[in-house]
Structure formats: structure tokens, C-alpha cells
Protein chains: 2
Amino acid sequence: MNSGADVAIETIHREMTSFARRARALAGRLHPELSLVSFALLGHLEEGSGCRATDLAEHYALDKSTVSRQVAVLEREGLVERRQDAEDQRVQVLQLTEEGRRMLARVSERRRAAFKERLDGWSQEDLVRFASYLERYNAGPSAGAASPED
Amino acid sequence: MNSGADVAIETIHREMTSFARRARALAGRLHPELSLVSFALLGHLEEGSGCRATDLAEHYALDKSTVSRQVAVLEREGLVERRQDAEDQRVQVLQLTEEGRRMLARVSERRRAAFKERLDGWSQEDLVRFASYLERYNAGPSAGAASPED
DNA sequence: GCCCGTGGTTGTATTCTGCAACCAGAACGT
DNA sequence: ACGTTCTGGTTGCAGAATACAACCACGGGC
């Protein structure tokens, strides 16, 4: 790899980190009602209907106790529901409630608005290309060293 | 804004968020000796030699008290130095120590390796363009080009 | 029926964080 | 010069997120 690419990687590395930092810091401020993790968990539940706490823990590299507590909070707030699995009594299948769906949509909308503002003035071509780069990056070249279980 | 751009924004939103939570989950695991925030702060110090705690706070959307404490830790560990500003006695200019530079290089190297693996196979052109998009995004809300130090 | 693996919860300690109160130096107006 | 306000920074405090370990409940082999 030549040095131009190295510099680019260094930059990508730094900027992505910076972004992560800001996203985390802002998540709590902009949406006090839904932490970044809760948001991610809800989002996960939205996609595939029904999943286990253990799945979430593994997917987000979180301890199962953490997920357990987060889910407990979300349940107490009426955003998710648990359903005992008929097959296996140990398992609790998690699902979004209607309220959870609404909340997710609301927060999602606000976040999207923030992004939109930040991306105002970009040409469509740049937006599309940027999006594709991010997708490509997150998809990972395969095993993805930067993301063991994802 | 047309729908093509909207889709792109949606994607950018999702992918960046995805990245953020993974980075967060990973930070503590990969580099127990340097939290994500500490790493970011050190990195920031490396670029422009000398900056104030307030600058860091603003840049990373952190409370100044948080930065104060983080910096205190980094100082105690001998990674950064404070220097009273001659102009303004209130100001403490922060700088990396040699040890700090070494530590940063070490962790940076490990992180870069992870990124590199993930970015393996990208053309230099794509890397450079991706990097510039990220910089542009992080620089702020399209503040007509050269937005200074944020 | 017993033991072990798996899904989840709870106890405990740590870390990070923000807010508010505070201190010290600078900037400004009178 | 003096007081007021502003700015950079620290500290007290409280809350949230997290990991780790111990634990409970169920399921599956033996």
C-alpha cells in the first residue's frame, strides 16, 4: 500500500472515530428518551420481527446483563414486549410495541433531520457516493477485523 | 432535495450510526489502556500542537468537566502536559508528551491495522474520496468550505 | 433422574458523563 | 481604578451504562 492510501486510511480512521465520539455525545442530548444503544436495539427489533436478548448482546458486543437491563427499561416504558417462546420456555422473544414503533420513527426522524442539515449543500452525486462508501465499509471485506461479530 | 438524495441520506444516517455503536463497543476491548475519548483527545493533540481543554470539549461535544477529568487522567499517566499560556493565565495549553506520542502511535497502529484490513481492496482513489467525504462531513454543516476549527 | 449447557436476571463496582457551583484571570464599562 | 461580566477550568454530586460474577430456570444428553 502506498503512502497516499495510508494517509487516506489514517484520515478515515480519525474521522470515523471523531464521528463516533460526537454521535455518542449527541445521542443523549438530542434524544434523552432514547440512548444510542436503546435506539440501536429498537432498530434491530424493527427489522427482523422478534429476536432474543442473547442475539442482541452478541450482535452489539454487549454483555447479556446490559441487554437485560436495557430491555427491562424499554419494556417498562412500553416500547418493547416480551413473549415466552412456546418451544423453549427459557427464551423471551422481543418485539416492538406500537408505541415503540412510533418512538423509533420519531427519534429516527429527528436524527435524519440532523443528518440532512449537516449534509445540506452536498450534491446528490456526492451523497450517493458517500453512502455507498459507508455501506461498503460497514459491510466489511469479509471477516471484518474491525468488527468481530457483526 | 430529491428522493435519490433522501435515500442516500438515510443510508448515511444508518451506516454512520452502525459504525458508531460498533466503534463504541470495540474501543474498550481492543485498547483497554486508552478509552475512545482519550484516544480521540490524544489524536487531536497530535495534529495541531497545543490546544485548550475548551476546544476539545467543543469539538467533541463533551462537557468541559468531562474533558477536565479526562485530561487530568492523561496527565497523571504522563501522556499529556499542560503549559500555562503566557498571554492568558487562565489558559492551559495541552501538549502530548513523548510517552503520549508513543502511546498514541502504538494504539493508532493497532487501530489502523484493523481499518486497513477492512479497507483492503479499495482503490486509492476511493480511499481518498471516502476520506475527504468524512472530513467534509465532520467539518460541519456545510459551512461554506473552510470552516475553521469547528 | 442428574449433570451440564443455555437464556436471563440480579448484585456489585467501575467508569463516563452532565449539571451546577465554584475559582481565577481577562475584558469591558463607568 | 473598580466593579461587573465573561471565559477557561476544577470539583462536588448524581445518574446512566457497563462488565463481571453469581445465580435461577429450563432443556438436553447421559
Side-chain angles (χ1 to χ4, degrees), chain A residues 17 20-42 45 50-77 80-95 148-149, chain B residues 20-42 45 50-77 80-95 149:
Chain A
T17 302
R21 185 49 245 142
R22 280 166 164 273
R24 175 149 155 52
L26 280 169
R29 268 163 240 239
L30 223 54
H31 323 298
E33 72 275 35
L34 211 55
S35 76
L36 190 59
V37 169
S38 294
F39 179 71
L41 296 184
L42 287 190
L45 290 179
C51 81
R52 305 173 310 162
T54 297
D55 299 334
L56 292 176
E58 180 149 346
H59 189 77
Y60 294 107
L62 289 167
D63 191 83
K64 58 182 181 167
S65 67
T66 301
V67 173
S68 174
R69 277 181 255 261
Q70 290 291 333
V71 168
V73 171
L74 292 176
E75 187 189 26
R76 191 162 57 242
E77 291 169 348
V80 307
E81 267 176 347
R82 318 185 191 216
R83 192 163 42 72
Q84 289 296 325
D85 187 291
E87 306 277 312
D88 188 336
Q89 288 298 322
R90 293 170 301 179
V91 171
Q92 301 184 351
V93 179
L94 303 172
Q95 272 181 321
E149 45 245 17
Chain B
R21 58 149 224 268
R22 271 190 275 186
R24 193 193 165 317
L26 267 166
R29 276 157 229 257
L30 216 57
H31 322 298
E33 73 275 34
L34 210 56
S35 77
L36 189 58
V37 169
S38 294
F39 178 72
L41 297 184
L42 287 189
L45 290 179
C51 82
R52 306 172 309 162
T54 297
D55 299 335
L56 293 177
E58 180 149 348
H59 190 77
Y60 293 105
L62 287 167
D63 191 84
K64 57 183 182 166
S65 66
T66 301
V67 173
S68 173
R69 278 181 257 263
Q70 291 291 334
V71 168
V73 171
L74 292 176
E75 187 188 28
R76 190 160 61 242
E77 288 169 350
V80 306
E81 266 176 349
R82 318 184 191 216
R83 192 163 40 73
Q84 289 296 324
D85 186 290
E87 306 278 312
D88 188 336
Q89 289 298 323
R90 293 170 303 179
V91 171
Q92 301 184 351
V93 179
L94 303 173
Q95 272 182 321
E149 291 308 306

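Here is the naming used below: chain letters follow the sequence lines, and residue numbers restart at 1 for every chain. Below, each value reflects all heavy atoms present in this structure, side chains not excepted, and no hydrogens, waters or symmetry copies. All of these numbers come straight from a predicted model, not from anything done at the bench.
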Rounding to a whole Å, what distance do you find between [X]:[atom1] and [N]:[atom2]?
{"X": "A:Phe39", "N": "D:dA17", "atom1": "CZ", "atom2": "C1'", "value": "18 Å"}
{"X": "B:Leu56", "N": "C:dT17", "atom1": "CG", "atom2": "P", "value": "13 Å"}
{"X": "B:Gln70", "N": "C:dT14", "atom1": "CD", "atom2": "C1'", "value": "13 Å"}
{"X": "A:Glu87", "N": "C:dT6", "atom1": "CD", "atom2": "C1'", "value": "16 Å"}
{"X": "B:Arg76", "N": "C:dT15", "atom1": "CZ", "atom2": "C1'", "value": "13 Å"}
{"X": "B:Leu62", "N": "D:dA16", "atom1": "CG", "atom2": "P", "value": "19 Å"}
{"X": "A:Glu58", "N": "C:dG8", "atom1": "CD", "atom2": "C1'", "value": "15 Å"}

Would you say C:dG25 has OP1 or OP2 under 4.0 Å from some side-chain N or O of B:Gln84? no
To check you understand the geometry: which heavy-atom pair defines the closest contact between [X] and [Y], and what is its length?
{"X": "B:Arg82", "Y": "B:Glu75", "value": "NE-OE1, 2.8 Å"}
{"X": "B:Cys51", "Y": "B:Leu45", "value": "SG-CD2, 3.5 Å"}
{"X": "B:Glu87", "Y": "B:Asp85", "value": "N-OD1, 2.6 Å"}

Have a look at B:Ala61 and say if it touches a base, only the backbone sugar-phosphate, or nothing, with a 4.0 Å heavy-atom cut-off. sugar-phosphate
For the pair A:Leu56 and A:Leu62, evaluate side-chain contact (heavy atoms from CB on, under 4.5 Å) and give the outcome as yes or no after the intermediate values. CA-CA 8 Å; A:Leu56 292 176; A:Leu62 289 167; over 6 Å; no
Taking for each residue the nucleotide of DNA chain D with the nearest heavy atom, is it A:Val37 or A:Gln89 whose nucleotide lies nearer the 5' end? A:Val37
Whichever of A:Asp88 and A:Val73 has the more 5' nearest nucleotide on DNA chain D, that residue is A:Val73
Are any side-chain N or O atoms of A:Tyr60 and backbone N or O atoms of A:Val37, one a donor and one an acceptor, separated by less than 3.5 Å? no
Do the side chains of A:Glu77 and A:Leu74 get nearer than 4.5 Å, heavy atoms only? yes
Taking the side chain as C-beta and beyond, is there a heavy-atom pair between A:Gln92 and A:Arg83 under 4.5 Å? no
Under 3.5 Å, N/O pairs linking protein and nucleotides 9-11 of chain D:
residue : atom : partner : partner atom : Å
D:dG9   : OP1  : B:Gln92 : N            : 3.2
D:dG9   : OP1  : B:Gln92 : O            : 3.4
D:dG9   : OP2  : B:Ala53 : N            : 3.3
D:dG9   : OP2  : B:Thr54 : N            : 2.7
D:dG9   : OP2  : B:Thr54 : OG1          : 2.6
D:dG9   : N7   : B:Lys64 : NZ           : 2.7
D:dG9   : O6   : B:Lys64 : NZ           : 2.5
D:dT10  : OP1  : B:Arg82 : NH1          : 2.2
D:dT10  : OP2  : B:Ser68 : OG           : 2.6
D:dT10  : O5'  : B:Ser68 : OG           : 3.3

